[in-house]
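Atoms within each ligand, like the ligands themselves, are counted from 1 in listed order.
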Amino acid sequence: MNSRTPRLVILISGTGSNMAALLNACENGEIDGRVAAVVSNRANAKGLDVARGAGIATRVVDHRAFADREHFDAALAREIEAFEPDLVILAGFMRILTPGFVDRFHGRIMNIHPSLLPKYPGLNTHRRAIEAGDSEAGASVHFVTTELDGGPVIIQARVPVHEGDTEESLASRVLKVEHRIYPLAVQLFCQGRLTMDSTGVHLDGEPLPASGLEYSEQSVNLTIQ
Ligand code: GAR
């Protein structure tokens, strides 16, 4: 990354509450970066209105207008690259990306996933955690690789699963910590402290454990064991 303010492009499909948390963090100086654009595959994604309201450029690339994933991803990549991003941030972007797309942005795409990866990649994470009788759930921010929800983890936050939790009650508890850990991960990247290679994630040149950094309300454990 050169010395200019890091440019972020955020991809959304829906509400965009993680996007809003990232916009706020940039606004408050908690992230030394600037959101250059928000791109959605759905024209009616609520988050687009929030982004527009904040004066951020928005683009829509509707996946239904393309014959296959390759053509959609090529169009999506063109829109993103026009904003010259240092980091591409998936924030509730509900499309599986092709290896061609992922390789194009290698080491500079992040995703947030509502589970303690490697547990529960894919969909319905909260239902699966409740059905399994898990006592804790959580969220993970990870670098994106060609393996779905399988890239190396940067940071995780745990929350308890309470008796009587529904998918909705658990999702809202998890979402609160998502809004804390995504800005932290993006800030570490913007500061040039995070890198990814074939062995995993490095913070300040030191390898992170497979579960990444551990977040708690009181602190983030930035000590590498
Ligand atoms: C978040 O819980 C995010 O972790 C999840 O979608 C929600 C989006 O909420 N992402 C995935 O499930 C990706 N596989 P938001 O639009 O309010 O940020």
Less than 3.5 Å apart, N/O on ligand 1 and N/O on the protein: could you list those pairs with the distances?
| residue | atom | partner | partner atom | Å |
| --- | --- | --- | --- | --- |
| ligand 1 | 2 (O) | E178 | OE1 | 3.2 |
| ligand 1 | 2 (O) | E178 | OE2 | 2.8 |
| ligand 1 | 4 (O) | E178 | OE1 | 2.7 |
| ligand 1 | 4 (O) | E178 | OE2 | 3.3 |
| ligand 1 | 16 (O) | G16 | N | 2.8 |
| ligand 1 | 17 (O) | S17 | N | 2.8 |
| ligand 1 | 17 (O) | S17 | OG | 2.6 |
| ligand 1 | 18 (O) | S17 | N | 3.3 |
| ligand 1 | 18 (O) | N18 | N | 2.9 |
| ligand 1 | 18 (O) | N18 | ND2 | 3.0 |

More than 12 heavy atoms from other groups under 6.0 Å of CZ on R180 |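 Counting neighbours around CZ of R180, 12 or fewer heavy atoms of other residues, nucleotides or ligands fall under 6.0 Å, so no.
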
Could you walk me through whether T199 and H202 pass the side-chain hydrogen bond (donor to acceptor under 3.5 Å, both in side chains) test, one step at a time?
-> CA-CA 9 Å; T199 64; H202 297 252; 3.3 Å; yes

Okay, side chain of S40, backbone of A45: is any donor-acceptor separation there less than 3.5 Å?
->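 Pair absent, no side-chain N/O of S40 close to backbone of A45.
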
Backbone N/O of G33 and side chain of T5: donor-acceptor pair under 3.5 Å =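 Here the side-chain-to-backbone pair does not exist.
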
Quick one: which of V141, D149, L117, L97 gives a side chain to side chain contact (heavy atoms under 4.5 Å, CB included) with N111?
->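 Single side chain to side chain contact (heavy atoms under 4.5 Å, CB included) partner of N111 among V141, D149, L117, L97: D149.
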
Report the C-alpha distance between L87 and M110 in whole Å, list the side-chain angles of each, state the deciding distance to 0.1 Å, and finish with yes or no for side-chain contact (heavy atoms from CB on, under 4.5 Å).
-> CA-CA 8 Å; L87 181 65; M110 276 183 198; 4.1 Å; yes

